[in-house]
*Asks:* 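Sharing a structure, written as structure tokens. Questions coming.
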4 protein chains.
Amino acid sequence: MEILTQMQSKRLKSAFDSSWRIIIIVAVLVQASILPLDFLFDLRANRWYWVLDFSISGLFLLDLLFNIYRYKKIRSHSVLKDVYWDTYSSWKYFIADVLAVLPYAFLLSGPLWQLLRLFKWVKVFQTMRHFQMRNIRNTSSILFWLLVFGTFLFSHWCACMWVRVHGIEPGLSNVDNYVQALYYTVSTITSVGYGDIVPHGNLEMLFNIILQFSGVALLALLVGSIVGVFTKKNPAEQRFIDNMEKLRALIHYQEISKDLEHRIGDYFTYELKQKLGYDESELMDALPFGLRNELQLEFKKNVIKDITLFESVDDQFVREIAQYLKPMILTPGDYLFRAGDKGKSMFFVQRGKLKVLSADELKQLTILRTGDFMGEIAMFKKTERTATVVSIGYSDIYELHRKEFDKVLKKYPEIAEKILVKSKSREERYI
Amino acid sequence: MEILTQMQSKRLKSAFDSSWRIIIIVAVLVQASILPLDFLFDLRANRWYWVLDFSISGLFLLDLLFNIYRYKKIRSHSVLKDVYWDTYSSWKYFIADVLAVLPYAFLLSGPLWQLLRLFKWVKVFQTMRHFQMRNIRNTSSILFWLLVFGTFLFSHWCACMWVRVHGIEPGLSNVDNYVQALYYTVSTITSVGYGDIVPHGNLEMLFNIILQFSGVALLALLVGSIVGVFTKKNPAEQRFIDNMEKLRALIHYQEISKDLEHRIGDYFTYELKQKLGYDESELMDALPFGLRNELQLEFKKNVIKDITLFESVDDQFVREIAQYLKPMILTPGDYLFRAGDKGKSMFFVQRGKLKVLSADELKQLTILRTGDFMGEIAMFKKTERTATVVSIGYSDIYELHRKEFDKVLKKYPEIAEKILVKSKSREERYI
Amino acid sequence: MEILTQMQSKRLKSAFDSSWRIIIIVAVLVQASILPLDFLFDLRANRWYWVLDFSISGLFLLDLLFNIYRYKKIRSHSVLKDVYWDTYSSWKYFIADVLAVLPYAFLLSGPLWQLLRLFKWVKVFQTMRHFQMRNIRNTSSILFWLLVFGTFLFSHWCACMWVRVHGIEPGLSNVDNYVQALYYTVSTITSVGYGDIVPHGNLEMLFNIILQFSGVALLALLVGSIVGVFTKKNPAEQRFIDNMEKLRALIHYQEISKDLEHRIGDYFTYELKQKLGYDESELMDALPFGLRNELQLEFKKNVIKDITLFESVDDQFVREIAQYLKPMILTPGDYLFRAGDKGKSMFFVQRGKLKVLSADELKQLTILRTGDFMGEIAMFKKTERTATVVSIGYSDIYELHRKEFDKVLKKYPEIAEKILVKSKSREERYI
Amino acid sequence: MEILTQMQSKRLKSAFDSSWRIIIIVAVLVQASILPLDFLFDLRANRWYWVLDFSISGLFLLDLLFNIYRYKKIRSHSVLKDVYWDTYSSWKYFIADVLAVLPYAFLLSGPLWQLLRLFKWVKVFQTMRHFQMRNIRNTSSILFWLLVFGTFLFSHWCACMWVRVHGIEPGLSNVDNYVQALYYTVSTITSVGYGDIVPHGNLEMLFNIILQFSGVALLALLVGSIVGVFTKKNPAEQRFIDNMEKLRALIHYQEISKDLEHRIGDYFTYELKQKLGYDESELMDALPFGLRNELQLEFKKNVIKDITLFESVDDQFVREIAQYLKPMILTPGDYLFRAGDKGKSMFFVQRGKLKVLSADELKQLTILRTGDFMGEIAMFKKTERTATVVSIGYSDIYELHRKEFDKVLKKYPEIAEKILVKSKSREERYI
């Protein structure tokens, strides 16, 4: 469909999009870092400051134009308009951007106009939110960098304010003055408080009191977000941990044999390592009908393609058969079926090894591996199983019931023919 | 009903009610702030202190009278008596208020009587609870201000106590004395501890020990409440985050195509942005039958009113049809139905665009938009669909089954007539 | 049954039991507090120390004997043996107690023997656990006192160790030495660290390093337990908060009328205040069949006794009818039933006021109050309702279906008679 | 099956396996501790350092060889390959190990090559993960030791870096220099900050700033993990606490008799103490069919073996009967059945005492104890119960319905015979 193609071409451009956003964030950070230094030490006397400042202004102007362009394009798009976060969704975002660019013009008149540049922060927060919302793969690292840069900028601004409150010590260079102030500020907000530099006079003391409280708030914020990260886990790992804990509690309260305990532990580990630990049914429930179907198909398509029986069948057939395949896990030594059981379904090996034994379980007929299928003869003929199948290690099996298979085959008689021929050629060998 | 009107008129007065409560809280805070200063520096020598003190006393007296009045009115009210928190629900609240007003009379005899005024705090906590319970829109800001004012008052009282324990330093003004004490206290309870001011003698040291422990307790309290806030989220956003996390885990453990991954991510974003992310069924379950019905009606009423088919139908009809409308979401490219499907229901577009294609899916017949309806012909005639409908972007659709529609139309034959006429005029065009 | 009587008589003695346990805990605390002081300042020179020490020894001996007696009694008891925590369930508890008493004999030989007394702590932890497990009403206060005493004792022991490490300063009295050490220790473990007293030499520094880390551990412990308390809430209040949050989210995402918003908020407040907020069904699920039945009976017994219809019926009848009563809540203005509805059940007013209106809803026939019942005529006669009943404020109603009522009445024909007579006398009046 | 035997023999070797891993971890820790000291104080001048260094190198070499051997063995194993964590699952782990051994060869050229040894940390983290994943019994202690060693090593490295930054003070011995640096570092990262040692110059101050922030991060990490531990509990104890809290809330909101309150509390305590508090059904749900069956059998096998009726029956019979036994708990005074009830099932006493009363409940016929069974006569003969059975204390009972019993007995006619004979011999006595 042309809609989807359009969406994909959009995504190709998103690498450029993300890079541009990061450049703007870096520019804003640089701007916010040098601004207070300019206020303190009159950096405008230096040439490099002018170059830097002009560059940042230029970037902001470009960003403004780019945002206007992006806004126009997204607006008319059927899908993107519903999923984009950081466009000019309201006037205030546009005005903030314009105000951030303006000081470029008033630059000559004084540093205070520069403060208007801080309006660009609106953009930063909007971009952060966009990244957090749209970046499916790594959100926790965004939070981490937010905390790191936030803490750095907070310390930096406080240090500059302290220099202002305390006065520049004349005997020291600008750098020394700043490092000392930063050292003092950090030792206060981390609540270390060496006491080699202390406030004198009411103003300094009051500034200090605020600094100390903000230190406590910072600590509480850090702890809060770290606790949040600690209590949050990958759902599959969480499931493993919960299961192991239940096993632990069971062992504590009931006597079960050491062997069974280990076999249960092994099973949970297998489930986690083989990536089956994650229960996708919850995600499925949150999706609308269309997406749910496609996701389910995607899972089983890989499996079905591996199965030799279905080689070179068309997509529509796979789509139909997929919904009827039911997954099963066999632990080492588990029987899939025994000779004499009724044959109501056939099985496909997704992963693992199983041995086929003669009816008396004395002779090993063959080994089944990934992609093999079994039990189709008894299923088609509605007779009893003539062999016994045991899992050697762990095996992931898909089961397909006769009823559902018949339903699909009726629609695709030519595939039915092919499958029967294939399974005939096997009949001679065993089962 | 007259009960409801009475309730609404009550609510108009609640703006005044809230303002009065906030004034009283401010008065109590001022009272609690100047009281320890009075003990230390004999503020009663100043004229402004007398004025302030008299004003607060007056306010407390007015509040006492206002509370008595409110108590009487609420008592006899059928609804309010069950939902109000801060009336004189027991004698102790009344006595606390009386004790807080009394010192007015004993003012001349000494500052110790003033301490009785602190009984007014009972009222503050009661009011806080009322706000927290009754204010549906912003409770977390109440907790924030409670923490800020609590920390401020605690530091203030500790500073005053330190001046008392340490003695007023004669060389310094009252203000200098206080600021120094506050600086020392804050540096202790935030556990910074510069060490430029240290306790001397056993009494000061013991006071200090208590102060340090209370600092730790304060920190633990702050962290505890901030962690509480961090782990709590808007249910809709929480749902989005949970869903995205499940998607993330899926990608980590299973190979799914990049395109499908993005389409699922887009869907969750759409759900959140279009405000459909919040699952109201849980709230519905917590409500009694009457309220549940009304809430459900309220949701769908807006939608039904938008639908041109139901223009100018009466409220009773809307009420009945509302309960049978079932919401659906279509993602870009999803089919609503295809030509040849059986027509068992009709659909209403709440939001989005859908294209109607000819049976061979080659010709685009028309575009359906918010307020349009479709599929009614096949539904009435019990025939197959003659066209195919595909969603262009995301669409919110309501489905109405024939069975339920028939049930409602039987009761309202004149509306049935109107609908048939309308749908006839469309039949000529397509479908 | 004699079992239950026995249990109750046991409980009468439990007041003495609890008091004795608290006395022993206090004795252990005193013992643990003076022990390190004795090591430092040779308290055995003082007379009062001897008296105190002998008293504690006596108490420990008494406790040992009392515990042996208790153990014997509980052992043979059919119920208590399964629910008591702090008896000599294993040999180690008994040996710990004996070791704690022994030093009494060796007292003369030196203070080191005293250390054996600390084995009594085993008892304290066992008692704490018993209180926590068996005290149904207030467990969080136990945790609080545990933290307070734990912190105090830890600081006290550390201070004493510091005096040992640092040496007693000769110019100062014992008390001064101790207070200074405590001040230093607390300023370290709370991480304030004034720096007026600092360690000198490697030994002091290493001691100090341990102290600082234990301070961090203490802080983490305090924060951890406080966060635990913050995130835990009374289930009824938690339910209210959750419901309000859902309402808040709804308002944020959907437009609903201000009036309906307030009515839903009012309903949740009513549910909380009238103590109906707590959903007992979860507790019920955790109970075995016998207790579940009794608990359900207990709830409804009070209600049934209030109902005039069942005055002076016997307990067995109440027990049977109780299980069939279904609770309902009506919000202000809700209809209980309207004239013309089919009468399939009758209703009992547990709380609230309802007005009975004539069939045309124009005339108010009567007001129903707590203990009243209604709808029994239509139910018995299987006819339509002849009046309309509307709730004025909030009402708690119990519904009883005809089917179930008939079942019970068949077993108690004499009560059936009485009820019919009563309801006949009402028929004249209305309905 | 030979697979399982193979698995068990593997497990016997795991004690050696674990010990070896711990030795390697200790070696890595020692290595990481002495490395920075070597950089500072040129330890290579000492003989003992050479011996130690050679030993560690030897251990690392042995571990490399052992890991290669283990990897080969596990690779070909049907079960272990799916549940082992710390083998060379990818090339990078192998390379890290080789790099860690290499410095042995380059040792003579300088200490910088030693840094390559730190690649062995990859192994440590891998081992930690293995322990955490595979150690079913005690994971929280692993986290504890990780925190302790992590904090120690971090402080140690920071102290060494401080000596480097600050310079070695010439008047002091190496030990004094190190202890002072450690004291300073710890006082900074615990945010105590005495201030007797303070940084001078920009470099020291910047180092200090980083140290202070890392202290805050450490604190947040500690608090985070401790909060995690605090909020996590043994599922059985958690269940008890939740139940008690629900009971507490109930008492708060509803009037229930003191006696019933205590009886419910007693029941929950019983459930916890008798180890039945843990609900294994959740664990069962997480297991595949094969393991679930075996676990269920394991629980009930012990019980069935205790029952005299099933003495000397074969395993297959036990396996079949096990799945039909349904557990029940009787509280003191509960009736199991009364004379006159229909006999549809028989009961087995797993634990507890019950008295058998005559039909008029006046005469006590006998006492039933652990391993006894009852009610089989009425069940076999399909008649009414002829006696009444009451639980004295708490009793754990298994119920077996006639239908299911018949099903099993049909398959084992010889056991059916034995049971009938046994129950005949009882019939004479009572019931």
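Fair warning: this is a prediction, and the values are worked out from it, not measured in the lab. Letters go in sequence order (proteins before strands), and every chain restarts at 1.
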*Asks:* Tell me, side chain or backbone of L182(C) under 4.5 Å from chain B's heavy atoms, or both, or neither?
*Replies:*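 Both backbone and side chain.
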*Asks:* Measure D334(C) against the heavy atoms of chain B and call it side chain, backbone, both or neither at under 4.5 Å.
*Replies:* side chain
*Asks:* Given heavy-atom pairs under 4.5 angstrom as the criterion, report whether the side chain, backbone, both or neither of I197(B) touches chain C.
*Replies:*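 The answer is the backbone of I197(B).
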*Asks:* Do you know which of S187(C), G352(C), G193(C), G195(C) has the most heavy-atom pairs under 4.5 Å to chain B?
*Replies:*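 Ranked by contacts with chain B, first place is S187(C).
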*Asks:* Kindly compute the distance separating CG (N202(B)) from OH (Y183(C)), expressed to the nearest 0.5 Å.
*Replies:*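 Spacing of CG (N202(B)) from OH (Y183(C)) equals 12.0 Å.
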*Asks:* Calculate, to the nearest 0.5 Å, the distance between atoms CG and CG belonging to L287(B) and N243(C) respectively.
*Replies:* 7.5 Å
*Asks:* Is chain B contacted by the side chain of T185(C), its backbone, both, or neither, given a heavy-atom distance below 4.5 Å?
*Replies:* neither
*Asks:* Examine whether an atom of F268(C) lies under 4.5 Å from a heavy atom of chain B, and if so say whether it belongs to the side chain, the backbone or both; otherwise answer neither.
*Replies:* side chain
*Asks:* Do other residues, nucleotides or ligands put more than 12 heavy atoms under 6.0 Å from the NZ atom of K326(C)?
*Replies:*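 Counting other residues, nucleotides and ligands, NZ of K326(C) exceeds 12 neighbours.
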*Asks:* Pick whichever of D196(C), L330(C), L218(C), D242(C) has the most heavy-atom pairs under 4.5 Å with chain B.
*Replies:* D196(C)
*Asks:* What's the separation between atom CG in L219(C) and atom CG in L219(B), rounded to the nearest 0.5 Å?
*Replies:* 5.5 Å
*Asks:* Ignoring hydrogens, what is the shortest heavy-atom contact between Y267(C) and A286(B)? Give both atom names and the distance.
*Replies:* CE2-O, 3.6 Å
*Asks:* Nearest 0.5 Å, please: how far is OH in Y178(C) from CE in M205(B)?
*Replies:* 13.0 Å
*Asks:* Can you tell me how far CD1 of I264(C) sits from CD of E294(B), rounded to the nearest 0.5 angstrom?
*Replies:* 8.5 Å
*Asks:* Mind checking the CZ-OG1 spacing from R292(B) to T331(C)? Nearest 0.5 Å is all I need.
*Replies:*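 Between atom CZ of R292(B) and atom OG1 of T331(C) there are 11.5 Å.
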